[in-house]
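Computed from heavy atoms alone, side chains included, the values below leave out hydrogens, waters and symmetry copies. Values in this document were obtained by computation on a predicted structure and should not be read as measured data.
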There are 2 protein chains.
Amino acid sequence: MINIRDKTYILKFGNNLKRLRNLKDLSQEKLAYDADIPINQIGRIERGEINTTISTLNSIAKALKIHPKELLNF
Amino acid sequence: MINIRDKTYILKFGNNLKRLRNLKDLSQEKLAYDADIPINQIGRIERGEINTTISTLNSIAKALKIHPKELLNF
DNA sequence: ATCAAATAACACATATATGTGTTTATTTTT
DNA sequence: AAAAATAAACACATATATGTGTTATTTGAT
């Protein structure tokens with residue numbers, strides 16, 4: 001069961017992803033396509049609704065052309 | 001469904017965790033206790049059996065007293 | 001104000017991470 | 001070599017991420 005600290009963390013993660021995606025001027029749709037992930041998944045992650053996995057993190061980082069650790073840089 | 005690239009990534013992640021845990025001279029048991037995670041979970045992650053979540057990554061990083069991104073530094 | 005693009009918000013099935021417990025194997029210490 | 005400590009290997013239930021599809025809302029441009 002996800003606790004308040006986890007919720008805070010995944011929310012921050014989502015915000016950071018949104019920030020980086022906008023920096024690269026990509027739509028959720030384009031990012032989803034490039035990362036081969038459903039667009040809804042991107043939205044759920046950005047909104048902090050889900051606690052995504054490291055492999056998804058890695059796929060997103062590849063699509064953003066950044067190192068995975070950048071996504072944790074907040 | 002997890003593909004070969006994901007498998008490779010989660011295996012590398014596990015190896016890196018094991019490396020960092022040994023650097024800090026912690027047993028799986030102690031790390032599990034500090035991170036408030038079942039010991040079996042630590043083992044499964046280190047062996048690359050599971051594709052863990054960012055909140056678990058965060059808990060482990062806290063217990064190791066490192067920044068979460070260090071766990072992706074490989 | 002209208003239209004189009006982008007994002008959010010639903011629902012639902014399936015795969016898998018988590019959590020717990022127990023047993024076996026390996027590694028380290030004495 | 002024996003004992004102790006550590007890690008691996010099982011099984012199983014539950015929670016949740018993923019994947020897919022559809023509809024509604026919001027945002028930005030004209």
Side-chain angles (χ1 to χ4, degrees), chain A residues 1-65 68-69 71-72 74, chain B residues 1-65 68-69 71-72 74:
Chain A
M1 336 72 176
I2 202 101
N3 61 37
I4 184 68
R5 290 202 182 169
D6 289 339
K7 285 236 169 115
T8 302
Y9 190 72
I10 66 178
L11 195 58
K12 283 186 189 170
F13 178 81
N15 288 335
N16 192 42
L17 167 55
K18 188 168 193 170
R19 180 183 68 84
L20 291 166
R21 178 176 62 78
N22 286 327
L23 266 179
K24 298 278 177 166
D25 214 36
L26 289 173
S27 65
Q28 288 183 352
E29 190 174 28
K30 180 74 165 65
L31 174 58
Y33 177 80
D34 290 350
D36 195 25
I37 285 169
I39 181 173
N40 286 13
Q41 198 72 355
I42 301 290
R44 286 183 283 206
I45 294 166
E46 286 191 353
R47 273 173 262 129
E49 287 178 11
I50 59 174
N51 182 15
T52 198
T53 62
I54 57 170
S55 73
T56 297
L57 182 158
N58 186 43
S59 297
I60 291 173
K62 267 203 176 119
L64 288 174
K65 295 172 184 162
K69 67 186 178 182
L71 285 165
L72 301 184
F74 56 88
Chain B
M1 335 72 174
I2 202 101
N3 61 36
I4 183 68
R5 290 201 182 170
D6 291 337
K7 286 235 167 116
T8 301
Y9 190 73
I10 66 179
L11 195 57
K12 282 185 188 169
F13 178 81
N15 288 335
N16 192 43
L17 167 56
K18 188 169 192 169
R19 180 182 69 81
L20 291 166
R21 178 176 61 79
N22 286 327
L23 267 179
K24 299 277 177 165
D25 214 35
L26 289 174
S27 65
Q28 287 185 351
E29 189 174 28
K30 179 76 163 65
L31 174 58
Y33 177 80
D34 290 350
D36 194 26
I37 285 169
I39 181 172
N40 286 13
Q41 199 72 355
I42 300 290
R44 285 182 285 205
I45 294 167
E46 286 191 354
R47 273 173 260 128
E49 287 178 11
I50 59 175
N51 181 16
T52 197
T53 61
I54 58 170
S55 73
T56 297
L57 183 158
N58 186 42
S59 297
I60 292 173
K62 267 204 176 119
L64 289 173
K65 294 170 185 161
K69 68 186 178 182
L71 285 165
L72 300 184
F74 56 89

Contacts of B/Ile37 meeting side chain to side chain contact (heavy atoms under 4.5 Å, CB included) (sequence neighbours excluded), chain-then-number -> B/Ala35, B/Gln41, B/Ile42, B/Thr56, B/Ser59, B/Ile60

* Can you list the residues that meet the side chain to side chain contact (heavy atoms under 4.5 Å, CB included) rule with A/Asn51, with sequence neighbours excluded? ->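 Scan of A/Asn51 (side chain to side chain contact (heavy atoms under 4.5 Å, CB included), adjacent residues dropped) gives A/Ile2, A/Ile10, B/Thr53, B/Ile54, B/Ser55.
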
Across all chains, not counting sequence neighbours, the side-chain hydrogen bond (donor to acceptor under 3.5 Å, both in side chains) partners of B/Glu49 are B/Arg47

- Item | Set of side-chain hydrogen bond (donor to acceptor under 3.5 Å, both in side chains) partners for B/Asp34, sequence neighbours left out |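 Only B/Lys30 meet the side-chain hydrogen bond (donor to acceptor under 3.5 Å, both in side chains) criterion with B/Asp34.
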
In short, the helix from C/dA1-D/dT30 to C/dT30-D/dA1 is bent end to end, axes from five pairs each side, to 10°, by 70°

Write down the distance between [atom1] ([X]) and [atom2] ([N]), rounded to a whole number of angstrom.
X	N	atom1	atom2	answer
B/Leu57	C/dA17	CG	C1'	14 Å
B/Ile37	C/dG19	CD1	C1'	11 Å
A/Ile50	C/dA15	CD1	C1'	14 Å
B/Ile2	C/dT16	CD1	P	7 Å

Could I get a table of every N or O pair under 3.5 Å where one atom is in the protein and the other is in nucleotides 23-28 of chain C?
none

Distance col, row A/Leu57:CG vs A/Lys62:NZ, nearest 0.5 angstrom, shows 12.0 Å

(message) Test: salt bridge (charged side-chain N to carboxylate O under 4.0 Å, His left out). Region: residues 3-28 of chain B. Which pairs qualify, not counting sequence neighbours?
(response)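 Those involving residues 3-28 of chain B are B/Arg21-B/Glu46.
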
Residues pairing under salt bridge (charged side-chain N to carboxylate O under 4.0 Å, His left out) where one sits in residues 51-60 of chain B, two or more places apart or in two chains, turn out to be none

Could you identify which residues of residues 8-17 of chain A place a heavy atom less than 4.0 Å from some atom of DNA chain C, listed by residue number, or say none?
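Residues of residues 8-17 of chain A under 4.0 Å from DNA chain C: none.
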
Report yes if a side-chain nitrogen or oxygen of B/Thr53 is closer than 4.0 Å to either non-bridging phosphate oxygen (OP1 or OP2) of D/dA17; otherwise report no.
->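 Indeed not, no polar side-chain atom of B/Thr53 lies that close.
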
Quick one: is B/Thr56 getting a side-chain N or O under 4.0 Å of the C/dT18 phosphate, OP1 or OP2?
yes

*Qualifying ring pair (Phe, Tyr, Trp, His ring centres under 6.0 Å) pairs, either residue in residues 1-31 of chain A, two or more places apart*: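 Matches after skipping sequence neighbours: A/Tyr9-A/Phe74.
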
Protein heavy-atom contacts under 4.0 Å, written 5' to 3' over nucleotides 5-14 of chain D as B (base), S (sugar-phosphate only) or - (none), form the string --SBBB----

